[in-house]
Amino acid sequence: MCETCGCGDPHNHPHEHGHDHGHAHGHPPPVRTLDVRKSALELNQRLADQNRGWFRAKGLKVFNLLSSPGSGKTTLLERTLRDVPCAAAIVGDLQTENDAVRLRASGAQAIQITTGATCHLDAHMVAHALEKLEASGLDKLFIENVGNLVCPASYDLGEDRRVVLLSVTEGEDKPLKYPVIFLHADLVLVTKCDLAAAVGFDREKALAAIRQTAPKAQILEVSAKTGAGLDAWYAWLAG
Amino acid sequence: MHELSLMTNLLDDAVSAANGGPVCALRVRVGPLSGVVVEALRFAFEALAPGTAAEGARLDIEETAPSFHCPRCGADYSTPVGSYECPSCGSPGGELRGGHELELISIEVPDHV
Ligand SMILES: Nc1nc2c(ncn2[C@@H]2O[C@H](COP(=O)(O)OP(=O)(O)OP(=O)(O)O)[C@@H](O)[C@H]2O)c(=O)[nH]1
Ligand SMILES: [Mg+2]
Ligand SMILES: [Zn+2]
Ligand SMILES: [Zn+2]
């Protein structure tokens, strides 16, 4: 019963509107506030910390690769897995095993996660993929995230380093349009540099946009096709 | 897209904090660096709340700004998203202190039940 006016049902008053008994009509009942303070990502964070513990225990250094669809994550990893020993990959896509099949051709282990409708990897999916990983003899693990410059930014997977790829074909101002993912980057790789001249890539403009949105990140320029810049990438991985 | 799954978590937390009773309102803090879009979060809430104890509840969203601590000059400062320079010393970006949160701060429940 409503304490203010004494009516039986606060949503069905037996009297006319416009009366004056000290509260508005359709009046909300008195409420009290309960503190909760819980992050929507708390469960993911817990699982990411578990993954991190597992990576430590196995002596694995883990890299989370993020970019828009088609920026060259798989192509870079195909080559990296051939050139860098003791490395494996986990790769996320909405559908198909295609990327894992491409990566396995390097001779390394590659585990596909198909997320269905989910636009990012989360720590839980990675934890299940780890059940399939033969970790002995490995010291590096690459996690190729779902191609998406928005959602993957929110999900810690337990990685040591975040690598964001930006291909020369996708526009110099991408970092300004999608700043959140760049802020957390440890390394920004400018990819497909062999195409820079063909697309009129404005290098200075792109580097300025990256520096502005990713103040912590180192920047390297590579081409997985010609191999240009890959030595610096491998040195960064080893560092 | 992922706002749906994040809102599912927030709603679950609200419903369990209400301990079986109805939820009248949720107060959610969203930082611009959290990677979620406030409109999408509201849409997800409208889609998910019906049929739960938070059906018909009000969603109050508190938006924060990115905030940093400058390791060079010690300043604490706020910036717009996408440019994080310290306004006092020009340092290119300090330690992130706020602006990435996505949390359920509190709920309101009826007082007379
Ligand atoms: N010219 C050139 N093409 C490249 C380079 N790297 C990748 N590509 C091409 O870009 C296209 C996309 O490359 P992927 O490696 O599949 O891109 P991805 O980021 O893994 O794509 P998703 O997994 O779908 O997000 C392919 O046609 C590649 O051949 C490069 O360095 N130079
Ligand atoms: Mg790929
Ligand atoms: Zn999403
Ligand atoms: Zn400063």
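In this text, all values refer to a predicted model and were calculated from it rather than measured experimentally. Atom set for the values below is all heavy atoms of this structure, side chains included, hydrogens, waters and symmetry mates excluded. Here is the naming used below: chain letters follow the sequence lines, and residue numbers restart at 1 for every chain.
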Among A:Glu170, A:Lys73, A:Glu144, A:Lys174, the one residue meeting side chain to side chain donor-acceptor pair (under 3.5 Å) with A:Ser67: A:Lys73

Answer with side chain, backbone, both or neither: which region of B:Arg29 has an atom nearer than 4.5 Å to a non-hydrogen atom of chain A? side chain

What part of B:Pro32 is in contact with chain A, defined as an atom under 4.5 angstrom from a non-hydrogen atom: side chain, backbone, both or neither? backbone

Can you establish whether the number of heavy atoms outside B:His69 located under 6.0 Å from its atom NE2 is more than 12? yes

Donor + acceptor pair across side chains of A:Asn145, A:Asn64 (<3.5 Å): yes

Do A:Leu141 and A:Leu130 have side chains that get closer than 4.5 Å, going by heavy atoms? yes

Considering only heavy atoms and a distance below 4.5 Å, find which of A:Pro179, A:Pro215, A:Ala40 pairs most often with chain B. A:Ala40

Under 4.5 Å from any heavy atom of chain B, what part of A:Phe182 do you find: side chain, backbone, both or neither? neither

Side chain, backbone, both or neither: which part of B:Ser34 has a heavy atom under 4.5 Å from chain A? backbone

Among B:Ala18, B:Ala17, B:Gly93, B:Ser83, which residue forms the greatest number of heavy-atom pairs with chain A at distances under 4.5 Å? B:Ser83

Are A:Lys61 and A:Asp160 close enough for a salt bridge, meaning some N to O gap below 4.0 Å? no

Assess whether a salt bridge exists between A:Arg32 and B:Asp111, defined as any Lys/Arg side-chain N lying under 4.0 Å from an Asp/Glu carboxylate O. yes

Structural part of B:Leu26 lying under 4.5 Å from a heavy atom of chain A: neither

Do you know which of A:Leu183, A:Leu41, A:Leu176 has the most heavy-atom pairs with chain B at a distance under 4.5 angstrom? A:Leu183

Which one of B:Leu33, B:Val81, B:Thr8 has the most heavy-atom pairs closer than 4.5 Å to chain A? B:Leu33

Looking at B:Arg97 and B:Glu95, is any side-chain nitrogen of the basic one under 4.0 Å from a carboxylate oxygen of the acidic one? yes

As an exercise: rank B:Asn9, B:Val36, B:Leu104 by heavy-atom pairs under 4.5 Å with chain A and give me the winner. B:Leu104

